[in-house]
**Student:** 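Following this message is one structure expressed as structure tokens.
What you are looking at is a predicted structure, and each value in this text was computed from that prediction instead of being measured. What's counted below: heavy atoms across the whole structure, side chains too, no hydrogens, waters or symmetry copies. Start at 1 with the first residue, then count along the sequence.
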Amino acid sequence: LDVAVPLPSTGDLFLVGDATTGGWNNPVPVPSQKFTKTSAVTYEITVPLTGGKEYLILPLNGDWGHKYAVKSKAVAGLSNGGDFGFDLGDNFPGPSVTGNYRIIIDFKLGKFTVTKL
């Protein structure tokens, strides 16, 4: 497949971080913090997120060896979505307001979106 960001070799994605219910504990609670594969290049999850916190996306639950992250969390508006990559150096910035959110990860475009529900 023609993708901007390498797909997870495991076929799975997991959400970890202090913005999540499970915190930075790894492995994360399954199935509540496991993404659903919605197409060959997209994954989605709907979860409660704590405002002002951060998260990462892992291809292998229980393993810190690789991650999906952002280049710099200091980019304005990044908590709503933007560019992501494989093994980049910064955590995803969570939304500023606590609530339920849908996160969509698009590997073809190398973009993620975060929508408050």
Side-chain angles (χ1 to χ4, degrees):
L1 292 172
D2 180 26
V3 293
V5 175
L7 289 160
S9 61
T10 60
D12 293 321
L13 288 180
F14 301 90
L15 191 66
V16 65
D18 59 0
T20 71
T21 305
W24 288 109
N25 296 317
N26 188 15
V28 305
V30 173
S32 63
Q33 289 179 214
K34 182 178 181 182
F35 283 77
T36 299
K37 188 173 184 178
T38 55
S39 80
V41 294
T42 58
Y43 289 75
E44 180 178 312
I45 192 170
T46 299
V47 290
L49 294 176
T50 303
K53 304 289 184 173
E54 300 177 354
Y55 59 91
L56 288 170
I57 298 172
L58 304 176
L60 183 59
N61 198 12
D63 185 352
W64 291 109
H66 293 288
K67 66 187 177 197
Y68 293 98
V70 296
K71 188 173 182 177
S72 171
K73 64 185 171 194
V75 174
L78 194 60
S79 62
N80 297 316
D83 296 331
F84 78 100
F86 190 62
D87 284 343
L88 295 180
D90 226 339
N91 298 339
F92 290 87
S96 59
V97 176
T98 298
N100 288 322
Y101 290 85
R102 177 176 296 121
I103 302 171
I104 299 173
I105 305 296
D106 185 326
F107 287 89
K108 181 167 183 59
L109 300 176
K111 302 279 186 188
F112 73 101
T113 57
V114 181
T115 307
K116 190 171 190 326
L117 302 177

**Student:** When Phe14 is tested against each of Val16, Asp12, Thr10 for side-chain contact (heavy atoms from CB on, under 4.5 Å), which residue passes?
**Tutor:**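 Between Phe14 and the candidates, side-chain contact (heavy atoms from CB on, under 4.5 Å) is satisfied uniquely by Asp12.
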**Student:** Taking a hydrophobic cluster as the set of Ile, Leu, Val, Met, Phe, Trp and Tyr residues connected by side-chain heavy atoms closer than 4.5 Å, whether directly or through intermediates, do Ile57 and Val75 fall within one such cluster?
**Tutor:**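 Same cluster: Ile57 reaches Val75 through Ile, Leu, Val, Met, Phe, Trp or Tyr contacts under 4.5 Å.
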**Student:** About how many Å separate CG of Leu117 and CG of Asn100, when rounded to the nearest 0.5 Å?
**Tutor:**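 So the CG of Asn100 and the CG of Leu117 are separated by 6.5 Å.
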**Student:** I'd like to check the side chain to side chain donor-acceptor pair (under 3.5 Å) partners of Thr21; sequence neighbours left out, ordered by chain and number.
**Tutor:** none
**Student:** List in chain and number order the residues that pass side-chain contact (heavy atoms from CB on, under 4.5 Å) with Lys73, two or more places apart in sequence or in another chain; answer none if no residue qualifies.
**Tutor:** Glu54, Val70, Asp90, Pro93
**Student:** Roughly how far, to the nearest 0.5 Å, is CG of Asn61 from CG of Leu13?
**Tutor:** 11.0 Å
**Student:** If we only count heavy atoms from C-beta on, is the Phe112 to Leu78 side-chain gap below 4.5 Å?
**Tutor:**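 Yes - at least one pair of side-chain heavy atoms lies under 4.5 Å apart.
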**Student:** With no hydrogens and no angle check, is any side-chain donor or acceptor of Thr50 less than 3.5 Å from a backbone partner on Lys53?
**Tutor:**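 No, the answer is negative, given that no donor and acceptor are paired below the 3.5 Å cut-off.
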**Student:** Check the hydrophobic clustering (I, L, V, M, F, W, Y; side-chain heavy atoms under 4.5 Å; chains of links allowed) and say if Ile105 and Val30 are grouped together.
**Tutor:** no
**Student:** Using 0.5 Å steps for rounding, measure from the OG1 atom of Thr42 to the NZ atom of Lys37.
**Tutor:** 9.0 Å
**Student:** Does NZ belonging to Lys71 count more than 12 external heavy atoms closer than 6.0 Å?
**Tutor:** no
**Student:** Could you give the distance from CZ (Phe92) to CD1 (Ile103), rounded to the nearest 0.5 Å?
**Tutor:**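 Result: 8.0 Å between the selected atoms.
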**Student:** Nearest 0.5 Å please: distance from the CZ atom of Phe35 over to the OG1 atom of Thr46.
**Tutor:** 9.5 Å
**Student:** For the hydrophobic clusters of this structure (ILVMFWY residues joined by side-chain heavy atoms under 4.5 Å, transitively), does one cluster hold both Tyr55 and Val5?
**Tutor:** yes
**Student:** Taking the side chain as C-beta and beyond, is there a heavy-atom pair between Lys108 and Asp2 under 4.5 Å?
**Tutor:** yes
**Student:** In Å, rounded to the nearest 0.5 Å, how long is the span from CG of Leu7 to CZ of Phe107?
**Tutor:**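 Nearest 0.5 Å value for the CG-CZ distance: 6.0 Å.
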**Student:** In terms of the angle between their ring planes, are Tyr68 and Phe86 parallel, tilted or perpendicular, with boundaries placed at 30° and 60°?
**Tutor:**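 Correct class here is tilted.
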**Student:** Considering residues at least two apart in sequence or located in another chain, which fulfil the salt bridge (charged side-chain N to carboxylate O under 4.0 Å, His left out) criterion with Asp83?
**Tutor:** Lys111
